[in-house]
K.L.:
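One structure follows; several queries about it will come next.
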Amino acid sequence: MSILNTNSFGMTRRGLLAAGIGGSIAGGILAAPLAAFAQAPPANPNAPGEAEITVDQARTAPIPIAIPSFGPGIGQQMTDVITGDLAGCGLFRPIPDAASANGPGVPNFDLYKSLGAQALAQGTTQGSGASVRVEFRLWNVLTGQQLQGTAYTTAGGNWRRIAHIIADVIYERMLGDKGYFDTRIAYVARSGLRTHQTTRLAIMDQDSANNRYLTSGEWLVLTPRFHPTRDEIAFLSYANDRPRVYLFDLGSGRQQVLGEFAGISFAPRFSPNGSEVVLSATRGGGSDIFTIGLGGGGKRQLTDSGAIDTSPCYSPDGSQIVFNSDRGGSPQLYVMSAGGGGARRISYGSGQYGSPVWSPRGDLIAFTRIGAGGFSIGVMAPDGTGERILTRGFTVESPTFCPNGRVLGYCRQTAAGPGGAGFSSSLAQIDIAGFNERVMSTPGGASDPAWSPLKG
Amino acid sequence: MRSGRDDNQGIRRAAYVSGGLHLLLLVSFLLVIPPMARPPEPPEPTSLEMECTGPPSQSRRGDQPTTKPVPAPSAVEKVAPVSPTPHAEPAPPAKVVPSHRTQPNKTANVAPDTSSLLATLEKFRADQPQTHPPRAHANPDQGGSPSRAGDVTGQLGAGAQKAIGNEVRRCYAEDTEAKNYASFTAHLLVTVDAGGEARLVEFKPDTAARMAADPGYRALAERARDAVLNPTCARLPIPASLLGRTQQLSFVFRP
């Protein structure tokens, strides 16, 4: 399969994933005895409710997976990226120094069983430079079944992206949910003294590779947000000392102001289908929430409470908006219909709540909470129940979900001493279960992370 | 007009002549045909001697071990192929002496026509279509399909069931933050060998149907299966009275 240059990265995800290599044939041969054995209809299909041995209280443990080297050169580099992706998500435990995959034939499953592996990612690379062919197979070591077989052919420069896509395939097949490794993170790069920081819009892969800066740092920039389908970012810029929401085209680098407001516009967020942007705009002593159609559509006001209504975010189905408002006396979270109206408060814990983000799964809303003990980041159900705090810190804020809703990225800042000494601002991520908290590497200071959707 | 006495005499005379001719023919046949020669006795079969040089574990029962050392294979001398010279005289073609074992005239169709063979088989199959379902049944008591073994879960006491569940639980790990994990339930039918080791896991129909429709559920159910097949936990504490033959056990996995 050849990869057509269809975007700035020269590949389309759909095209790559369509490149099956007849893995089912090989799998049918190799796993035939077990498969035929397993697929025989049970003679005594006990209906649920008859005598059964109950197994419950599963442990939360990562899946042990063997990832032998895909080969020298690019093959080894790809192996490292795949291993890093899977280990970094916390749901897999790559087995170090896994033995060679014994060539293209049937793997030695007994060997991998003895290593404690339950899955095996086996791959080979051929060619270099203009054309690289990567063959990849995923096996269940315990049953000997081939779970996936895919081949990719692309330019050698795309090896890193192919590695991320393979890691996504492994994630999806083993966990039943789409992976998020072939994604990017936009953020605000910070440099300089605490009191006079230079901010630049930046973008990098989710594993911190391929970092690049999008703006020069002449003006303060904040809150980048990815378009759900296009290579565009909405963000707040203080260009010409007038804070407004801009749209940045990643392909051309072109910027344009989004909507015209008498006051300041800020806190943009795209609708799930990408046709609108919901944002806040100051009006009088407070701020209201508006939507702006992107295809020449008009502006529509959704709130008019006289309070500060801000940080709006759509539900994944686009039917509701969660936002932050002090209409009740202190900043709290509210949910209203996407057309405005019917706002109901959902946060009732002590302290103040802000920067709500609706999970792509739809089952959680992440937030920042400011209490007596400092900042914390947590999640709750859309009806406000089941609140739990995931992490705390001097300042932890700006949560953003990865595309499958499993991981939260956020900004973590430390306290500044006299003259700003000791201050740091960095990006971090944590599983929504509250484990696997780790720093996301950036070249310098960073804040305001925004996770992209899966690359198109 | 002839009388009846004349007719009897004629018949008797004809019988005599005919009998004489047959007797003469028989005598001459016995005198002219030579006696049939007996075929030569087949030669005594030459004795064939074999040496078993495999490891002792591979020698069959009744094999006599040999003390004769096995000669090491001679080193193969690798000769570099001669580079072709552009003006070398072409060697005359070797004279082909036809073998009495080979067909002197080449057949027109030298390549095996597998497609023709398959077509013939297909034709045979088409000519004899099976019009009724097979009536044979597996007989697990006589070593038939293991999947037909009986489910003995009901024969286990509560303590035995709990012990088996605890053994599998040691290897039961799930992504407990997976979507819909809180309502996850999977029913499995596990085939256990005579030694009490889980060998095969089948998903029961309702579980299999949900797996086909929901990748997230499938991932959870497959990890439940892997818990049973994990070498660390696959040897189940089955009561000794139930060991010695293939069994099946029903499992339900819950959060």
Side-chain angles (χ1 to χ4, degrees), chain A residues 33-34 36-64 90-93 110 113-114 116 118-119 140-145 147 171-178 359 361-364 404-407 431-435, chain B residues 138 140 145-151 153-156 160-162 164-166 168-169 172-179 181 185 187 189-191 199-206 214-220 222-232 234 248-255:
Chain A
L34 277 177
F37 214 33
Q39 290 168 4
N44 182 18
N46 290 3
E50 297 187 4
E52 288 181 313
I53 298 168
T54 300
V55 183
D56 54 12
Q57 300 175 19
R59 292 177 295 115
T60 299
I63 299 173
L91 300 175
F92 292 85
R93 181 171 60 83
D110 288 337
K113 281 182 189 176
S114 69
Q118 293 183 7
N140 183 311
V141 170
L142 300 178
T143 63
Q145 290 176 312
L147 305 176
Y171 186 103
E172 182 169 3
R173 182 60 187 83
M174 298 299 294
L175 298 173
D177 209 353
K178 283 192 176 300
S359 163
R361 288 182 178 180
D363 59 346
L364 292 174
N404 70 4
R406 185 54 196 253
V407 176
D431 188 279
I432 59 168
F435 76 101
Chain B
S145 169
S147 65
R148 300 288 177 176
D151 187 342
T153 312
Q155 301 175 30
L156 298 171
Q161 290 188 15
K162 189 174 180 181
I164 295 172
N166 288 340
V168 176
R169 185 179 294 116
Y172 183 34
E174 292 280 14
D175 174 16
T176 54
E177 281 297 324
K179 198 172 183 179
Y181 173 70
T185 301
H187 300 274
L189 191 64
V190 179
T191 300
R199 290 292 194 179
L200 176 69
V201 178
E202 300 171 25
F203 297 103
K204 292 190 177 180
D206 58 334
D214 183 352
Y217 179 85
R218 178 183 64 181
L220 294 170
E222 287 181 341
R223 291 192 76 176
R225 175 196 60 193
D226 291 352
V228 182
L229 294 177
N230 191 314
T232 304
Q248 282 189 322
L249 298 173
S250 288
F251 284 79
V252 57
F253 285 79
R254 302 181 190 282

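Here is how names work: the chains are called A, B, and so on, in the same order as the sequence lines, proteins then strands, and each is numbered from 1. Because only heavy atoms are used, hydrogens play no part in the values below, and waters and symmetry mates are left out as well, while side chains stay in.
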K.L.:
With side chains defined as the heavy atoms from C-beta onward, is the minimum distance between Thr54(A) and Gln161(B) less than 4.5 Å?
P.N.:
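Sidechains of Gln161(B) and Thr54(A): no contact.
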K.L.:
Answer yes or no: is there a side-chain heavy-atom contact under 4.5 Å between Leu175(A) and Pro215(B)?
P.N.:
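No; the side chains remain at least 4.5 Å from each other.
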K.L.:
Do you know which of Leu229(B), Val168(B), Asp226(B) has the most heavy-atom pairs with chain A at a distance under 4.5 angstrom?
P.N.:
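Going by pairs under 4.5 Å, I would pick Asp226(B).
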K.L.:
When only pairs under 4.5 Å are counted, which of Ala227(B), Ala234(B), Ala173(B), Ala224(B) shares the most heavy-atom pairs with chain A?
P.N.:
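Top count of heavy-atom pairs under 4.5 Å with chain A: Ala173(B).
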K.L.:
Locate the shortest heavy-atom distance separating Ala51(A) from Ser250(B); write the atom from each residue and the value.
P.N.:
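So the two residues come closest at O-CB, 3.5 Å.
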K.L.:
Could you look at Asn230(B) and say if it's the side chain, the backbone, both or neither that has a heavy atom under 4.5 Å from chain A?
P.N.:
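Both parts, backbone and side chain.
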K.L.:
What residues, two or more places apart in sequence or in another chain, satisfy side chain to side chain contact (heavy atoms under 4.5 Å, CB included) together with Asp177(A)?
P.N.:
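Listed in chain order: Tyr171(A), Arg361(A), Asn404(A).
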K.L.:
Can you measure from NZ (Lys113(A)) to OG1 (Thr232(B)) and round to the nearest 0.5 angstrom?
P.N.:
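Between atom NZ of Lys113(A) and atom OG1 of Thr232(B) there are 11.5 Å.
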K.L.:
Among residues at least two apart in sequence or on other chains, which ones pass side chain to side chain contact (heavy atoms under 4.5 Å, CB included) with Ala219(B)?
P.N.:
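Partners of Ala219(B) under the side chain to side chain contact (heavy atoms under 4.5 Å, CB included) test: none.
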K.L.:
Measure distances from Asp175(B) to the heavy atoms of chain A and classify the residue's part below 4.5 Å as side chain, backbone, both or neither.
P.N.:
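Contact with chain A involves the side chain of Asp175(B) alone.
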K.L.:
Looking at Lys204(B) and Glu52(A), is any side-chain nitrogen of the basic one under 4.0 Å from a carboxylate oxygen of the acidic one?
P.N.:
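Salt bridge present between Glu52(A) and Lys204(B).
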K.L.:
Where do Glu177(B) and Ala433(A) come nearest, in terms of heavy atoms and distance?
P.N.:
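Nearest heavy atoms, Glu177(B) then Ala433(A): CG-CB, 3.1 Å.
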K.L.:
Considering only heavy atoms, which portion of Tyr217(B) lies under 4.5 Å from any heavy atom of chain A: side chain, backbone, both, or neither?
P.N.:
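Neither the backbone nor the side chain of Tyr217(B) comes within 4.5 Å of chain A.
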K.L.:
Heavy-atom distances under 4.5 Å only: say whether Arg218(B) touches chain A with side chain, backbone, both or neither.
P.N.:
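Contact with chain A involves the side chain of Arg218(B) alone.
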K.L.:
Any non-hydrogen side-chain atom of Thr176(B) less than 4.5 Å from a side-chain atom of Gln57(A)?
P.N.:
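No - every pair of side-chain heavy atoms lies 4.5 Å or more apart.
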K.L.:
Closest heavy-atom contact between Asp56(A) and Tyr172(B)?
P.N.:
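Nearest pair, atom of Asp56(A) first, then Tyr172(B): O-CD2, 3.9 Å.
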K.L.:
Heavy-atom distances under 4.5 Å only: say whether Leu220(B) touches chain A with side chain, backbone, both or neither.
P.N.:
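It is neither, since no heavy atom gets under 4.5 Å.
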K.L.:
Please give me the minimum heavy-atom distance between Ile53(A) and Leu156(B), naming the atom from each residue.
P.N.:
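That would be CD1-CD1, 4.1 Å.
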K.L.:
With a 4.5 angstrom heavy-atom cut-off, which part of Leu249(B) approaches chain A: side chain, backbone, both or neither?
P.N.:
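Side chain only.
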K.L.:
If I measure from the heavy atoms of chain A, does Glu174(B) come under 4.5 Å with its side chain, its backbone, both, or neither?
P.N.:
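It is both, since atoms from each part get that close.
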K.L.:
With the side chain counted from C-beta on, respond yes when Asn140(A) and Glu222(B) share a heavy-atom pair under 4.5 Å apart, and no when they do not.
P.N.:
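Side-chain contact under 4.5 Å: no.
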